[in-house]
Amino acid sequence: MASPSRTDRLAAWLEERVPIAPVRDNLSHKTVPTHRYTVCYYLGSMTLFFFMVQVVTGILLMLYYRPSAGEAFESVEFLMTTVPFGWLIRSIHSWSANLMVFFAFLHLATVYWMKAYRPPRELTWVTGCVLLFLAMGFGFSGYLLPWNQLAFFATKVGTDIAGAVPIVGETLLRFLRGGDQVTGGTLSRFYGWHVAILPAITVMLLGLHLIMVQIQGMSVPPGQKEEAKRRRPMRFFPEFALRDAFGWTLALGVLATLAALFPWELGEKADPFAPAYADIKPEWYFMFMFQTLKLVPGGEVAGVEYEAIPILLFGLAGLLLVLVPFLDRRVQRDGRSPIFTAAGLVAIVFIVTMTAWGYHSPVPLYVVLLTIVLMAVLSWGTARGEKEVGS
Ligand code: HEM
């Protein structure tokens, strides 16, 4: 008998110390159901891709960035003008941040639509919701870091909104700002959140989210059970993984194109004594809340500012979103829950209308329509490509 090769011996040595065979076996047996909406299963991993891009480009940015009111703007300016490819890394980081939030929203919408939060996936949903909130927290904290006019005033307004929450508002505002005003202290604090606290929590939750997905496998939407039975499931490795890799390659191309053709702007350095910026805009994913609050008149009732009412309602909506798997009881009985589907549609119409209103532009509506058409075309194309059992 031929003696084992050097590679086999090294593999056996490693296996004895780090046994990865069970993981490999698990992956080689894992399958993904195929049906009309299989394409939705790629959206979580797309979000994951953009998160990984954020980690890599974020670390590179940290090598040059200085988190103080006196140096932050200048360090980003230096990065954009002098450091080789610095402008590209910063642009990729900014574009990828937006795409990550967009795909997290889309992933949530399709998971909701497919009712994948049904038992036993309640905790996968809950951790997913918190991941989305964390992604928004990354956006909010990162926005201030270049210390430019737009970011400065948007953060002032954003933290003022937190200050309007009844009872805890003042404490919350001081906690966020690290004082009464937005200052260099706020910048250092936001930097801490952005590069240490949020990433640590995100990585832990993401780990949990992915472990649960691995243990439970992918769910089949209630209306697709028959089709999934007729069709041969796809092996995760290599078929599904290769399709994921294809999507990631495409995403990298799109990201590089966007970053090269539309480099992220820097604007002017923040001046705390300048009159408030006329056209304050938050990140697009906060726009629907910002616009709703703009419509509320000044004044108060029973010591509570009018503004606090929509803020509390948004908080309640966030809580209800997290609790969806526990509230939607009917879906557990017969896989249908038209009230929840309708509530989801109303939420999307509200968010898109308010965002379009906030920007005085129909573009948000076009983006949603285009996404729906693209998803429909991809579902149609991929469903046709898969074989039926026995064929
Ligand atoms: C940083 C954000 C997130 C990342 C990186 C992520 C990643 C993933 C990945 C890779 C999968 C497996 C493939 C797939 O279904 O697409 C998955 C599944 C899942 N995710 Fe997420 N996710 C994120 C946010 C969310 C959000 C916001 C929700 C909803 C609240 C959510 C709920 C779920 C559920 C329920 C599944 C299981 C789907 C099924 O079995 O059909 N995730 N996630």
Side-chain angles (χ1 to χ4, degrees), residues 27 30-55 58 96-139 198-225 228 233-234 236-237 239-241 243-245 247-248 251 285 317-328 331-332 335 340 343-344 347-348 351 375 378-379 382:
L27 277 185
K30 186 179 161 169
T31 57
V32 177
T34 52
H35 50 75
R36 192 179 306 173
Y37 304 124
T38 294
V39 67
C40 298
Y41 297 145
Y42 297 100
L43 297 174
S45 86
M46 201 50 116
T47 318
L48 181 63
F49 170 75
F50 289 116
F51 178 68
M52 291 187 304
V53 171
Q54 287 312 92
V55 173
S96 170
N98 284 285
L99 287 169
M100 173 174 152
V101 176
F102 178 79
F103 274 95
F105 269 119
L106 191 58
H107 176 45
L108 178 144
T110 56
V111 161
Y112 185 86
W113 172 255
M114 299 199 297
K115 316 231 178 270
Y117 51 78
R118 298 185 325 275
R121 293 180 180 77
E122 297 96 323
L123 295 181
T124 317
W125 170 271
V126 172
T127 49
C129 281
V130 182
L131 282 170
L132 177 71
F133 300 151
L134 287 167
M136 293 167 84
F138 268 114
L198 294 179
I201 306 176
T202 304
V203 167
M204 278 188 298
L205 273 182
L206 193 54
L208 269 179
H209 193 73
L210 297 181
I211 288 173
M212 283 189 279
V213 172
Q214 289 312 312
I215 293 173
Q216 290 154 358
M218 304 310 298
S219 74
V220 178
Q224 298 298 311
K225 291 233 153 81
M234 195 189 295
F236 180 78
F237 213 80
E239 277 93 342
F240 191 80
R243 285 165 172 77
D244 257 347
W248 289 14
Y285 37 90
L319 184 66
L320 289 179
L321 183 73
V322 176
L323 295 179
V324 158
F326 309 101
L327 300 174
D328 189 356
V331 81
Q332 301 175 22
F340 278 78
I348 290 178
I351 291 173
M375 291 296 292
L378 283 172
S379 307
T382 46

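Remember, it's 1-based here, ligands and their atoms both numbered in the order they're listed.
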**Request:** Mind checking whether Leu134 contacts ligand 1 via backbone (N, CA, C, O), side chain (CB onward), both or neither, at a 4.0 Å heavy-atom cut-off?
**Result:** neither

**Item:** Atom of His209 closest to atom 21 (Fe) of ligand 1, considering N, O or S atoms
**Value:** NE2

**Prompt:** Quick one: which ligand 1 atoms are inside 4.0 Å of a heavy atom on Cys129?
**Reply:** 30 (C)

**Prompt:** Among protein heavy atoms, which sits nearest to atom 36 (C) of ligand 1, and what does the distance come to when rounded to 0.1 Å?
**Reply:** Thr124 CG2, 3.7 Å

**Atom indices of ligand 1 within 4.0 angstrom of Leu48 heavy atoms, with elements** = 5 (C)

**Prompt:** Is there a heavy atom of Tyr41 sitting under 4.0 angstrom from any atom of ligand 1?
**Reply:** yes

**Prompt:** OH/Tyr42 to CG/Leu378 distance, rounded to the nearest 0.5 angstrom?
**Reply:** 10.0 Å

**Separation between NE2 of His209 and OG1 of Thr124, rounded to the nearest 0.5 Å** = 6.5 Å

**Prompt:** What residue and heavy atom of the protein are closest to atom 2 (C) of ligand 1, and at what distance?
**Reply:** Thr47 CG2, 3.6 Å

**Request:** Give the intermediate values and the outcome of side-chain contact (heavy atoms from CB on, under 4.5 Å) for residues Val101 and Phe138.
**Result:** CA-CA 10 Å; Val101 176; Phe138 268 114; over 6 Å; no

**Item:** Separation of Leu131 CG from Leu205 CG (nearest 0.5 Å)
**Value:** 5.5 Å

**Request:** Report the member of Gly217, Cys40, Pro325, Gly128 with the shortest heavy-atom distance to atom 28 (C) of ligand 1.
**Result:** Gly128

**Request:** Report yes or no: does Tyr117 have a heavy atom closer than 4.0 Å to ligand 1?
**Result:** no

**Message:** Tell me if the CH2 atom of Trp248 is crowded by more than 12 foreign heavy atoms within 6.0 Å.
**Reply:** yes

**Request:** For atom 18 (C) of ligand 1, grab the closest protein heavy atom and report residue, atom and distance to one decimal in Å.
**Result:** Val213 CG2, 3.5 Å

**Asked** For ligand 1, which atoms sit closer than 4.0 Å to a heavy atom of Ser45?
**Response** 10 (C)

**Message:** Would you compute the distance between atom OG1 of Thr127 and atom CE of Met212 and round it to the nearest 0.5 angstrom?
**Reply:** 4.0 Å

**Item:** Those atoms of ligand 1 less than 4.0 Å from some heavy atom in Leu132
**Value:** 27 (C)

**Asked** Does the Glu122 side chain pair with the main chain of Phe326, one donor and one acceptor, at a distance under 3.5 Å?
**Response** no

**Asked** What protein heavy atom sits nearest atom 7 (C) of ligand 1, and how far off is it?
**Response** Gly44 O, 3.5 Å

**Item:** Distance in Å, Leu108 CG paired with Leu43 CG, rounded so as to fall on 0.5 Å steps
**Value:** 11.0 Å

**Fill in**
Among non-hydrogen protein atoms, atom 35 (C) of ligand 1 lies closest to Val111 CG1, 3.4 Å

**Asked** What's the shortest distance from atom 40 (O) of ligand 1 to any protein heavy atom, and which residue and atom give it?
**Response** Ser219 N, 3.0 Å

**Request:** Keeping the roles fixed (side chain from Trp125, backbone from Val111), state whether a donor-acceptor pair exists under 3.5 Å.
**Result:** no

**Request:** Anything under 30° is parallel, anything over 60° is perpendicular, the rest tilted; go ahead and classify Tyr117 against Tyr112.
**Result:** tilted

**Message:** So, regarding His107 and ligand 1 (criterion: nitrogen or oxygen to nitrogen or oxygen, under 3.5 Å), is there a contact or not?
**Reply:** yes

**Prompt:** For Tyr42, is at least one N or O under 3.5 Å away from an N or O on ligand 1?
**Reply:** no

**Fill in**
Here the atoms of ligand 1 under 4.0 Å from any heavy atom belonging to Leu206 are 4 (C), 5 (C)

**Prompt:** Does the separation of the ring centres of Tyr285 and Phe105 fall below 6.0 angstrom?
**Reply:** no

**Prompt:** Got a second to check how far Gln224's CD is from Ser219's OG, nearest 0.5 Å?
**Reply:** 11.0 Å

**Item:** Polar atom proximity, Leu108 to ligand 1 (N or O, under 3.5 Å)
**Value:** no

**Prompt:** Which atoms of ligand 1 have any heavy atom of Met218 under 4.0 Å away?
**Reply:** 13 (C), 14 (C), 15 (O), 38 (C), 39 (C), 40 (O), 41 (O)

